[in-house]
Engineer: 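Please see the structure below; I have some questions.
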Amino acid sequence: MTRTVLVTGVSRYLGGQMASRLAADPDVDAVIGVDVVAPPEPIEGIEFVRADIRNPIIAKVMGEASVDTVVHMGVIATQKQAGGRSTMKEINVIGTMQLLAACQRTPSVRSLVVKSTASVYGCGPKDPARFTEDMEPWHAPSSGWAKDSVEVEAYVRGFGRRRPDVTVTTLRFANVVGPRVQTSLTAYFRLPVVPTVLGYDPRLTFVHEEDLLGAVHHAVGRPRQGTFNVSGDGVLTLSQALRRARKAWVAVPSPLFGPVGRTLSPAGLADFSSEAVRYLTYGRGLDTSAMRAVLGYEPQFTSAEAFDGLRHAGRPAGVVDA
Amino acid sequence: MPDTRPEDASNALSPSKAARLVGNTGPQPVRPAAVPARPDPRRLAAVSDDVGVLVDAGLESAEDESLLEFVRRRLTGDYAVDDFGFDPELTDRVLLAALRPLYRSWFRVEVTGLENVPSDAAALVVANHSGVIAIDAMMTQVALHDEHPAHRHLRMLGANLVFSTPFLGEAARKAGHTLACHPDAERLLGAGEVVGVWPEGFKGVGKPFSQRYKLQRFGRGGFVAAALRTGAPIVPTAIVGAEEIYPMVGNAKTVARILGLPYFPITPLFPWLGPLGMVPLPSKWLIHFGEPIPTDGFPEGAADDPMVVFNLTDQVREQIQHSLYRLLVKRPSAFG
């Protein structure tokens with residue numbers, strides 16, 4: 001069977017890496033990369049289509065190439081990168097709706113893999129120690145990327161109901177770290193002095209960028225219906241992570257945490273929105289038994305190993321991604 | 001700052017501690033023979049903060065090295081924390097060490113029935129709750145860790161007020177406790193841990209002194225359902241002594257409402273004497289771990305049968321109330 005994979009969001013780091021990884025896979029015949037802007041440097045072995053997934057062009061592209069697998073990595077995590085919150089929301093939510101509408105119209109589509117985030121669980125004091133995929137969030141996210149992701153997942157579920165013949169795999173990733181990837185959290189850990197919330201020590205879980213790509217790749221090759229948490233094993237507390245990274249930190253009372261953080265991060269790369277503050281106050285743990293038992297993916301890095309990869313990395317000049 | 005002067009053999013290095021000392025010393029030369037299975041020498045430990053910087057005076061070199069090693073590990077983040085945020089090393093060496101003087105010298109806790117707590121399997125310790133703040137729970141944790149032959153860590157299930165309070169929530173997680181909810185209770189029991197619950201909750205700790213040693217209502221019996229689902233035995237536990245540490249003669253409800261607390265205690269000394277009124281009275285404590293109630297003989301789905309759950313809850317409550325009376329008779333006087 002010829003396999004044609006369409007990847008969205010290829011102009012950002014993880015999407016681009018994913019596209020070239022799939023292009024190198026002998027089981028995949030063709031990779032079509034889609035994004036609003038061209039990638040910073042051309043990705044070898046893929047056909048790039050500059051298309052805004054917010055408009056219906058995407059359906060035409062998919063139909064002509066008879067795409068059978070769609071990898072949706074086009075949900076943007078940082079406002080800064082999208083150029084404002086309203087653009088970000090439009091790309092994330094309207095873009096996903098258009099993409100799903102195109103998938104629905106394309107009979108050749110057999111599987112859909114969506115990169116989502118564990119931040120859909122929200123975070124707060126009433127959370128269980130580890131979230132399983134079927135748990136309802138106690139403190140549902142109310143803003144930003146996390147809320148977009150909740151909506152994206154809802155549309156993906158709706159698509160799954162309308163096209164029961166398509167295998168839909170939703171992957172909820174822990175915070176991605178690694179030597180090259182740049183997110184608002186890696187920017188946070190690269191601040192000269194890292195602010196923490198006084199009196200709280202959140203539990204953090206991480207997934208290494210290789211494992212993120214590996215899990216998506218695994219799901220493309222072996223699609224499994226369902227939603228899966230993907231994270232390295234174990235947790236690090238924030239204070240422990242900072243000690244491992246040999247970082248100086250300052251504990252700030254929670255009302256002042258946001259303002260102090262924004263002062264320390266003048267470029268605004270680190271995120272101090274209410275959702276991020278909640279995460280850095282309470283943290284979150286993930287149950288990954290379904291990832292192993294059903295999806296069949298085994299991560300190479302534990303949370304601690306993934307995080308230590310960040311310490312050894314320099315400061316890459318690449319764009320912020322997530 | 002508390003001085004720790006562990007004096008008896010029960011404070012000997014636990015097997016796990018010894019293993020860690022031997023196995024986890026990193027690049028430094030390991031000193032076998034001298035370290036394991038030797039009672040802790042007397043030491044003066046001043047706990048300065050959660051980093052656990054210990055200032056030691058006059059120690060043998062082996063102990064000195066392990067202490068340096070400990071400080072090094074703490075400062076470089078080279079220690080393991082479980083999924084609940086439990087930090088066993090910090091708990092053993094700092095948090096419990098801070099409670100020991102209270103346990104040994106102030107309350108002079110006497111423990112019986114430790115054989116009813118399994119050494120290598122899950123169990124659910126259910127106890128009465130009293131004394132305004134949950135000192136009784138902390139003393140039970142010290143008792144199980146220091147006096148039980150397997151040095152078991154008690155993993156308690158706490159109210160969400162604990163985890164939303166700064167410092168308290170952080171310390172509770174590091175000491176191994178987690179939110180009282182079904183998924184966490186079952187996860188801990190499933191992993192073979194000893195889990196502690198205080199089903200009276202705030203009704204127990206915040207009850208007036210006149211109600212002392214009268215068990216309050218036992219919540220909704222959620223703990224019984226968790227035990228039934230995992231087949232862990234329930235160990236009904238009675239704690240005598242905590243009622244007298246802060247005799248609560250009144251409850252300033254308005255103040256409590258303003259502060260967002262479930263109650264605001266008024267005792268003969270608090271708030272009149274300020275911080276001095278917060279010193280607990282040195283009552284004499286007895287803790288008894290009772291005969292375990294097995295939960296594995298029930299048919300499938302018993303956890304969802306309210307009748308089974310209510311009956312078991314009642315049985316546990318009765319048993320605790322009876323051992324409370326027995327212990328009270330045994331105790332010569334409240335401060336004896």
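In what follows, chains are A, B, ... by sequence order, proteins preceding strands, each numbered from 1. Side chains included, hydrogens not; waters and symmetry mates left out as well; all remaining heavy atoms used.
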Engineer: So, B/F202 versus B/H129, ring centres under 6.0 angstrom or not?
Structural biologist: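 No, too far apart.
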
Engineer: Give the member of A/P202, A/G285, A/P253, A/G199 that has the highest number of heavy-atom pairs under 4.5 Å with chain B.
Structural biologist: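 Sorted descending by pairs with chain B, the first entry is A/G199.
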
Engineer: At a 4.5 Å cut-off on heavy atoms, which part of A/S254 comes close to chain B: side chain, backbone, both, or neither?
Structural biologist: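 It is neither, since no heavy atom gets under 4.5 Å.
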
Engineer: Which heavy atom in A/R284 sits nearest to a heavy atom in A/C123, and how many Å separate them?
Structural biologist: NH2-SG, 3.9 Å

Engineer: Can you confirm if the NZ or CZ of B/R74 lies within 45° of the ring axis of B/Y79 and under 6.0 Å from the centre of its six-membered ring?
Structural biologist: yes

Engineer: Let me know if A/L236 has heavy atoms under 4.5 Å from chain B in its side chain, its backbone, both or neither.
Structural biologist: neither

Engineer: Answer with yes or no after comparing the ring centroid distance for A/F307 and A/F301 against a 6.0 Å cut-off, counting only values under it.
Structural biologist: no

Engineer: What part of B/D82 gets closer than 4.5 Å to chain A, counting heavy atoms only: side chain, backbone, both or neither?
Structural biologist: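 Answer is backbone: N, CA, C or O of B/D82 sit under 4.5 Å from chain A.
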
Engineer: Does a donor on one side chain sit under 3.5 Å from an acceptor on the other, for A/S231 and A/N229?
Structural biologist: no

Engineer: With respect to chain A, which residue among B/L179, B/T76, B/V81 yields the maximal number of heavy-atom pairs within a distance under 4.5 Å?
Structural biologist: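 Winner by heavy-atom pair count: B/T76.
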
Engineer: Please flag which part of A/D233 lies under 4.5 Å from any non-hydrogen atom of chain B: side chain, backbone, both or neither.
Structural biologist: neither

Engineer: Between A/T288 (side chain only) and A/M291 (backbone N and O only), is there a donor and an acceptor less than 3.5 Å apart?
Structural biologist: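 A pair under 3.5 Å: no.
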
Engineer: Side chain from CB out, backbone as N, CA, C, O: work out which of these in A/R244 comes under 4.5 Å of a heavy atom of chain B, or both, or neither.
Structural biologist: both

